[in-house]
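It should be emphasised that the depicted structure is a prediction, and the values quoted were computed from it without experimental measurement.
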Amino acid sequence: MWLKGFISNHVNMKLLKTCVILLLLTVLFLDLLELHHEENSTIVPNKVTSAPPAAPPAAPPVPDDFCTFKPLSLADAEEERLLLDSIAWPESPRPPPFFSLNQTSDPAHSTFIILPGRGGVERHIGDQLEVMIQMYDFQGNPKKSGGDVLLARLHNRALEAGVAGQVVDHLNGSYSAVFPLLWEGSAQVEVMLVHSSEAVTVLHRLNREHPDRVLFKSLFHSGSISDTTFCNVCLRQTNQPQCNYTDLRTGEPWFCYKPKKLSCDDRIKHRRAGFNVRLKDKEEKLFQSKVNLKVFIHSSGPANVTVLPPRKEQPTVNQGGGKPGLSGYYFHGVWQSLGGTKVNQFNSSAISQCLKGKVVHLYGDSTVRQWFEYFDASLPDAKEINRNSPKQTGPYMIWDNAKNILVTYRCHGPPLSFFNTPTSELRYIANEIDGLVGGTNTVVVFSVWAHFSPFPIELYIRRLQSIRRAVIRLLNRAPDTLVVIRTPNLRGLTPSVSLGYSDWYALQQDKVLRAVFKGLNVRLVDAWEMTLAHHLPHNIHPRRPIIKNMIDILLSYICTK
């Protein structure tokens with residue numbers, strides 16, 4: 001018995017030691033695997049990033065929500081919640097542990113088909129054209145979930161005609177695109193994949209976890225001492241003190257690290273200082289030009305239809321006769337309104353006549369600065385003032401003494417990705433509007449969107465709420481003031497641009513902008529549809545034919561007769 005017990009205990013001890021050794025080896029292996037994963041997850045792919053000359057000060061670990069904002073009023077907080085719900089994007093299935101491009105949306109395998117018309121084979125002006133799109137992955141398997149970013153348009157290049165399509169996500173890998181038939185002759189369908197649903201998941205995460213990936217610096221100067229520090233809306237906490245430049249009237253946040261030898265009051269210039277984004281392993285494959293980034297999808301059948309004149313029993317499509325939800329379309333290169341103000345054409349002489357006695361204030365980013373430049377070139381008798389103002393930011397002013405025309409431009413406040421901007425010229429639109437008297441001869445135009453893309457959408461919502469409050473105050477004291485808003489537009493995308501300024505970000509902003517100002521006495525210039533429906537390539541700064549049509553809409557608002 002004694003010997004049997006000894007042998008039994010000895011065997012159990014050996015077994016226990018073996019188990020302990022195996023457990024230690026397993027833990028060591030998992031630690032090495034995790035370290036390898038962490039190293040891969042912080043790789044900065046050379047093809048999709050531009051590294052800054054220097055990194056911001058090292059920061060201790062912080063939670064993902066380090067970008068926090070001042071609490072809102074109950075009404076604004078509820079509106080923010082509803083807005084966030086309204087732009088909620090379909091979630092893609094969680095990717096497998098080891099990323100594979102094979103299971104993601106592939107435009108080369110995907111197809112669309114024109115569905116048969118309800119009234120027979122013939123298509124007539126006033127009918128509706130419907131297209132079914134089916135997405136497939138890189139292995140040729142049909143996708144089972146939605147969330148891809150698709151654009152659709154119907155056009156005729158010879159007629160310089162085009163209209164945007166309304167895309168519906170069925171959340172099962174299939175989508176519909178619907179178009180009104182508005183001109184006689186050929187109409188060709190184009191469908192484009194902007195981003196796969198998997199790429200959208202990455203873009204959403206970047207705005208949540210890396211809202212400081214666009215780097216900003218400020219120059220501080222006093223006497224013989226100069227210094228630069230990093231700045232941002234979302235500035236990570238470090239041991240370095242911060243300067244708080246939050247606007248006292250609007251509450252708009254902005255922070256800089258404090259220079260060691262200078263005061264926060266010594267800040268004199270603001271500039272963009274680079275772009276620094278870290279993708280997880282192989283995520284850069286989701287943003288490849290000519291592969292899965294703004295790539296056309298082919299038709300599995302005919303891609304065009306022939307449109308006949310309206311049926312005898314059907315009234316002719318005219319202003320206001322289009323499908324609800326669309327603002328207009330191009331015909332012979334001219335924008336035709338659907339359900340809005342009739343758009344007239346204005347040459348240089350007509351512009352001068354329309355603006356006679358008017359004051360036009362343009363606020364915002366470079367997409368509305370284009371409008372100022374158009375007016376500057378179209379009003380030959382106007383004199384430009386403030387020629388020494390910074391090229392990108394202004395302020396600018398042109399004055400026609402004979403016709404009493406004044407047109408001004410000023411950029412919006414930070415975040416602002418311009419270079420060498422004097423901090424004295426960083427003004428918030430709400431504060432500028434509050435300084436206006438307004439009235440029958442005053443026109444206020446603003447465009448604010450492009451510089452907000454890399455940040456949480458909450459920042460954009462709060463900026464719009466601030467501007468809306470100022471617009472309401474202006475219209476209360478001067479109800480005859482004309483307020484016009486230029487919406488976001490499509491832009492050309494490269495892999496690196498996509499990671500901070502994707503069309504998906506602009507699409508979300510476009511939805512929020514329309515919702516925030518819905519019901520107010522303001523007018524829109526629908527830059528989104530105007531860039532989608534036109535045959536010219538997408539560009540952050542649309543080309544002159546599109547700008548000319550935008551100006552014609554603005555002037556048609558100003559001069560309705």
Side-chain angles (χ1 to χ4, degrees), residues 114 122-129 131 151-166 177-192 303-311 314-351 353-354 370-371 374-375 377-378 484 486-487 489-490 523-539 541-561:
I114 298 175
E122 292 184 345
R123 314 273 185 172
H124 293 262
I125 290 178
D127 289 347
Q128 184 172 279
L129 183 71
V131 170
L151 300 177
R153 74 170 175 135
L154 192 67
H155 73 110
N156 181 319
R157 185 66 181 272
L159 293 175
E160 291 188 79
V163 65
Q166 295 180 309
V178 180
F179 310 87
L181 298 180
L182 299 165
W183 62 83
E184 186 178 343
S186 177
Q188 182 171 349
V189 176
E190 282 185 353
V191 178
M192 173 186 285
N304 63 294
V305 297
T306 299
V307 184
L308 303 174
R311 294 182 176 86
Q314 184 173 343
T316 304
V317 174
N318 53 25
Q319 305 291 337
K323 188 180 186 326
L326 289 177
S327 63
Y329 67 103
Y330 290 104
F331 188 67
H332 293 313
V334 175
W335 186 254
Q336 311 289 328
S337 174
L338 289 172
T341 301
K342 184 179 186 303
V343 181
N344 297 306
Q345 303 300 297
F346 293 82
N347 58 22
S348 181
S349 174
I351 292 175
Q353 188 62 32
C354 175
Q370 282 187 282
W371 292 15
Y374 188 97
F375 283 129
S378 302
V484 180
R486 184 202 186 281
T487 73
N489 60 257
L490 294 157
R523 304 295 185 92
L524 295 181
V525 174
D526 198 332
W528 183 269
E529 278 191 30
M530 296 182 77
T531 51
L532 174 55
H534 207 280
H535 68 270
L536 285 172
H538 301 160
N539 195 311
H541 300 122
R543 295 185 185 176
R544 188 175 176 84
I546 299 176
I547 296 298
K548 200 266 184 203
N549 277 287
M550 291 179 175
I551 295 296
D552 285 340
I553 295 172
L554 173 64
L555 294 173
S556 296
Y557 289 150
I558 297 172
C559 304
T560 55
K561 294 182 181 180

Taking atom [atom1] of [X] and atom [atom2] of [Y], what is their separation to the nearest 0.5 Å?
X: Leu490; Y: Thr531; atom1: CG; atom2: OG1; value: 4.0 Å
X: Leu151; Y: Leu532; atom1: CG; atom2: CG; value: 5.5 Å
X: Glu184; Y: Asn156; atom1: CD; atom2: CG; value: 11.0 Å
X: Arg157; Y: Gln188; atom1: CZ; atom2: CD; value: 11.0 Å
X: Leu182; Y: Leu154; atom1: CG; atom2: CG; value: 8.0 Å
X: Glu122; Y: Leu308; atom1: CD; atom2: CG; value: 5.5 Å

From Asn304, Val307, Thr306, Val305, residue fulfilling side-chain contact (heavy atoms from CB on, under 4.5 Å) relative to Ser186: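 Looking at Asn304, Val307, Thr306, Val305, the match for Ser186 under the side-chain contact (heavy atoms from CB on, under 4.5 Å) is Asn304.
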
Heavy atoms only: give me the nearest [X]-[Y] pair and the separation to one decimal.
X: Phe346; Y: Ser556; result: CE1-OG, 3.6 Å
X: Ala533; Y: Ala164; result: CB-N, 3.9 Å
X: Ala161; Y: Phe331; result: CB-CD1, 4.0 Å

Test side chain to side chain contact (heavy atoms under 4.5 Å, CB included) applied to Val189 and Ile114, step by step: CA-CA 9 Å; Val189 176; Ile114 298 175; 4.1 Å; yes

Test item: side-chain donor near acceptor, Glu190 and His155, under 3.5 Å: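 His155 and Glu190 do have a side-chain donor-acceptor pair below 3.5 Å.
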
Residue pair Lys342 / Gln336, side-chain donor-acceptor N/O under 3.5 Å: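 There is no such pair between these side chains.
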
Validation row: [X], [Y] side chains within 4.5 angstrom (heavy atoms):
X: Arg523; Y: Thr341; result: yes
X: His534; Y: Pro542; result: no
X: Val178; Y: Leu129; result: no
X: Val163; Y: Pro180; result: yes
X: Lys548; Y: Tyr374; result: yes
X: Ile351; Y: Leu555; result: yes
X: Asn489; Y: Glu529; result: no
X: Met530; Y: Ile553; result: yes

Intermediate values then yes/no, side chain to side chain contact (heavy atoms under 4.5 Å, CB included), Asp127 and Phe179: CA-CA 9 Å; Asp127 289 347; Phe179 310 87; over 6 Å; no

CA sep, side-chain torsions, deciding dist, call: Val484, Val525, side chain to side chain contact (heavy atoms under 4.5 Å, CB included): CA-CA 7 Å; Val484 180; Val525 174; 3.8 Å; yes

Ring-ring centroid check Tyr330 Trp335, cutoff 6.0 Å: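 Under 6.0 Å, so yes.
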
When you measure from the side chain of [X] to the backbone N and O of [Y], does any donor-acceptor pair fall under 3.5 Å?
X: Asn549; Y: Ile546; result: no
X: His332; Y: Val334; result: no
X: Tyr557; Y: Leu524; result: yes

Presence of salt bridge, Arg486 and Asp526, under 4.0 angstrom: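 Arg486 and Asp526: not salt-bridged.
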
